Asks: 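Can you read through this structure? Questions will come right after.
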Amino acid sequence: MTIARDTWIVFSRAMRLSLRQPVWVVFGLLQPILYLALFGPLLETIADTRAFGEDVDAWQIFVPGLLVQLGLFGASFVGFGLIAEWRAGVIERMRVTPASRASLLLGRVLRDVIVLLVQGTMLVLVALLFGLRAPWWAMVAGVATVALLGACFASLSYGVALTLKSEDSFAPLLNGVALPLLLLSGILLPMSLAPQWLETLSNLNPLKHVVDGVRAMFRGDLTDPVALWGVGITVALVAFGLAIGTRVFRRESA
Amino acid sequence: MSTPIIDARGLRKTYSVRGRGKDAPRTVEAVKGVDITVAAGEIVGFLGPNGAGKTTTLRMLTTLLDPSGGTATVNGHDLAKDPVGVRRSIGYVAQMGTTDPSAVAGEELVDQARLYGIDRGVAAERGKALLSGLDLDGIWERKCGTLSGGQRRRLDIAMGLIHEPTIVFLDEPSTGLDPQSRANLWEHIRRVRDDFDTTVFITTHYMDEADALSDRLLVIDHGEIVGAGTSDELKRSVGGDQVLLTASSADAAAALAAAATEVLGDVPHEIDGDVVRLTVPDGASALPTLLREMGSGHDVAGVEVRRPTLDDVFLTMTGRSLRDEEA
Ligand SMILES: Nc1ncnc2c1ncn2[C@@H]1O[C@H](COP(=O)(O)OP(=O)(O)OP(=O)(O)O)[C@@H](O)[C@H]1O
Ligand SMILES: [Mg+2]
């Protein structure tokens with residue numbers, strides 16, 4: 001399969017370049033720890049509101065939220081790197097090779113997914129140290145969700161970046177989209193605290209259902225419809241993101 | 001000519017440009033239907049001023065840009081129907097560079113070759129030979145961003161040649177190169193052609209480059225091919241060299257002109273103040289004859305031989321100077 005081989009070549013190049021940035025490596029690994037260490041102490045007090053229900057451990061609520069946030073924010077910014085690559089002529093140079101154009105995207109997305117897998121795993125492991133209790137399969141599913149959301153948002157980010165080709169228009173757009181998505185997902189505070197209109201709005205946000213799904217799993221409930229619904233939405237998001245991204249990369253003069 | 005390796009018919013590209021303010025959206029006809037025929041193993045210089053449509057033409061021929069009209073085959077592959085076939089046959093060195101500043105030169109070369117299905121070991125060996133041929137020994141381990149402008153440009157060229165393409169498109173490859181590197185590049189390109197029978201399609205603004213390197217020239221202006229031929233043919237079409245004789249005074253100029261045309265035969269000439277301008281096929285050999293044969297009776301205050309430049313060729317072909325940007 002040539003697309004697999006091309007994807008691998010693009011991936012290994014991208015990964016090698018990322019790993020060679022020491023600051024990037026250190027902060028990438030530090031980030032999940034920072035979330036927990038600087039955010040964790042707040043959680044326990046907030047959880048006392050019992051807004052999430054009786055008998056729920058604060059970590060079971062907030063670690064899924066942090067995982068989804070990692071998937072969203074860890075991946076959304078990758079487009080900036082692509083604009084820089086485009087400006088340096090790297091994208092065009094690769095586009096004149098016989099390599100499949102989808103592989104130029106997929107190789108980069110794969111790099112981002114691997115990075116998120118490592119960060120997600122770190123986050124869960126450190127959370128365990130802080131006191132998280134959840135079934136092992138739920139934690140695996142949580143990390144997998146980070147990776148899948150990462151694939152979706154990285155692909156979208158690349159697609160949009162390659163369309164705009166300008167940091168100055170990409171940055172505001174990114175903020176304009178990612179921030180509402182985050183605020184309306186109930187990652188930080190439970191949406192049940194929200195007024196009706198806000199809750200309705202948040203129900204339109206696919207990420208809210210993903211977070212709810214992972215939370216259900218962390219409570220040990222795999223067959224809960226909320227959990228299945230979350231998995232379904234995650235898969236749909238991945239399909240959507242990759243479709244958009246590949247479309248842009250296949251287009252002429254992208 | 002046997003079957004051409006590049007054969008473009010009526011290739012056209014129209015960009016739509018978003019209007020600002022009250023301006024309605026408008027279109028720019030960057031390339032207005034060009035025919036290009038290149039034989040295998042030829043080095044063709046593609047000459048034209050800024051904005052003439054050189055890069056746009058190249059981007060269409062390299063499958064980066066869909067033509068708005070026209071057809072082309074490259075190495076027998078149709079641009080629209082078999083873009084992958086085209087890509088397999090070509091190398092392309094873009095005008096704006098090709099490498100990531102944070103990437104290591106050798107690794108960029110190897111990765112590029114691997115995208116063409118070339119084995120890592122072969123690629124490394126070839127890459128090192130290429131770098132050494134381009135006077136870039138010792139940059140294999142260097143980050144591209146730490147190279148000088150000229151070194152980085154030569155690395156771009158190596159990137160375009162690493163897979164030993166049948167045809168290579170070079171978009172202003174010598175931008176930023178010092179005279180020695182430039183001469184070295186010409187030599188290298190000629191060697192690549194001689195050794196591998198590579199077809200070279202190279203854009204440039206410089207007549208000397210086109211002169212030194214190309215078998216044939218295509219001149220493009222405002223999106224149209226306005227001239228084609230060997231460099232000698234093009235220069236001859238301009239009318240040859242000019243010999244300028246400055247007389248001691250404006251009054252003496254007429255006599256000087258008469259004496260000169262007596263020696264050289266009835267060559268075209270004109271008098272402009274105290275300067276006599278003679279057009280001859282070969283100025284360098286005409287001048288000594290002229291000075292010897294005219295004798296000492298004429299007081300020549302200055303002599304100059306002017307070879308036709310791209311400007312002259314251009315002036316003749318388009319009726320405007322190469323330097324008149326945007327009329
Ligand atoms: N993406 C684009 N959108 C709109 N107009 C464009 C675009 N690219 C090029 N043009 C216009 O098309 C014309 C031809 O441009 P092109 O880049 O092909 O010129 P060129 O001959 O390569 O010039 P140079 O010597 O400056 O590199 C120019 O008028 C340019 O402004
Ligand atoms: Mg150009």
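Since the model is a prediction, treat every value here as computed from it, not as a measurement. The basis for the numbers below is simple: all heavy atoms, side chains too, and nothing from hydrogens, waters or symmetry mates. Every chain is numbered from 1 and lettered A, B, ... according to where its sequence line falls, protein lines coming before strand lines.
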Asks: Between the side chains of Arg9(B) and Thr37(B), is a donor N or O closer than 3.5 angstrom to an acceptor N or O?
Replies: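 Yes, a side-chain donor-acceptor pair sits under 3.5 Å.
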Asks: In terms of side-chain heavy atoms, does Asp171(B) have a donor or acceptor partner in Thr203(B) at a distance below 3.5 Å?
Replies: yes
Asks: Within residues 119-132 of chain B, which positions have a heavy-atom distance to chain A below 4.5 Å?
Replies: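 Interface residues of residues 119-132 of chain B: none, nothing closer than 4.5 Å to chain A.
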Asks: Might you work through the ring pair (Phe, Tyr, Trp, His ring centres under 6.0 Å) test for Tyr92(B) and Phe169(B), ending with a clear yes or no?
Replies: CA-CA 5 Å; Tyr92(B) 173 52; Phe169(B) 293 90; 7.1 Å; no
Asks: Side chain from CB out, backbone as N, CA, C, O: work out which of these in Ser103(A) comes under 4.5 Å of a heavy atom of chain B, or both, or neither.
Replies: neither
Asks: Sequence neighbours left out, cut at 3.5 Å: what donor-acceptor pairs do the side chains of residues 105-112 of chain B make with other protein atoms?
Replies:
residue   : atom : partner   : partner atom : Å
Glu107(B) : OE1  : Arg16(A)  : NH1          : 3.4
Glu107(B) : OE1  : Arg20(A)  : NH1          : 3.2
Glu107(B) : OE1  : Arg20(A)  : NH2          : 2.9
Glu107(B) : OE2  : Arg20(A)  : NH2          : 3.2
Glu108(B) : OE1  : Arg13(A)  : NE           : 2.6
Glu108(B) : OE1  : Arg13(A)  : NH2          : 3.2
Glu108(B) : OE2  : Arg13(A)  : NH2          : 3.1
Glu108(B) : OE2  : Arg93(A)  : NH2          : 2.8
Glu108(B) : OE2  : Asp100(B) : N            : 3.2
Asp111(B) : OD1  : Arg16(A)  : NH2          : 3.3
Asp111(B) : OD2  : Arg16(A)  : NH1          : 3.0
Asp111(B) : OD2  : Arg16(A)  : NH2          : 3.2
Gln112(B) : OE1  : Arg93(A)  : NH1          : 3.1

Asks: For Pro101(B), which atoms come within 4.5 Å of any heavy atom of chain A: side chain, backbone, both, or neither?
Replies: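 The answer is the side chain of Pro101(B).
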Asks: Is Ala103(B) in contact with chain A via its backbone, its side chain, both, or neither, using a 4.5 Å heavy-atom distance?
Replies: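 It is both, since atoms from each part get that close.
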Asks: Quick one: which of Asp156(B), Thr99(B), Thr62(B), Val104(B) has the most heavy-atom pairs under 4.5 Å with chain A, could you say?
Replies: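 The residue among Asp156(B), Thr99(B), Thr62(B), Val104(B) with the greatest pair count is Thr99(B).
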Asks: Please say whether the positively charged group of Arg182(B), taken as NZ for Lys or CZ for Arg, lies over the ring of Tyr206(B), i.e. under 6.0 angstrom from the six-membered ring centre and within 45 degrees of the axis.
Replies: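 Verdict for Tyr206(B): a cation-pi partner in Arg182(B).
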Asks: Could you list all the ring pair (Phe, Tyr, Trp, His ring centres under 6.0 Å) pairs where at least one residue sits in residues 141-165 of chain A, not counting sequence neighbours?
Replies: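 Applying ring pair (Phe, Tyr, Trp, His ring centres under 6.0 Å) to every pair that reaches into residues 141-165 of chain A, excluding sequence neighbours, yields nothing.
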Asks: What distance do Leu156(A) atom CG and Ser76(A) atom OG have between them, rounded to the nearest 0.5 Å?
Replies: 8.5 Å
Asks: Report, one line per pair, each donor and acceptor closer than 3.5 Å where one atom sits in a side chain of residues 231-239 of chain A; sequence neighbours left out.
Replies:
residue   : atom : partner   : partner atom : Å
Thr234(A) : OG1  : Gly230(A) : O            : 2.7

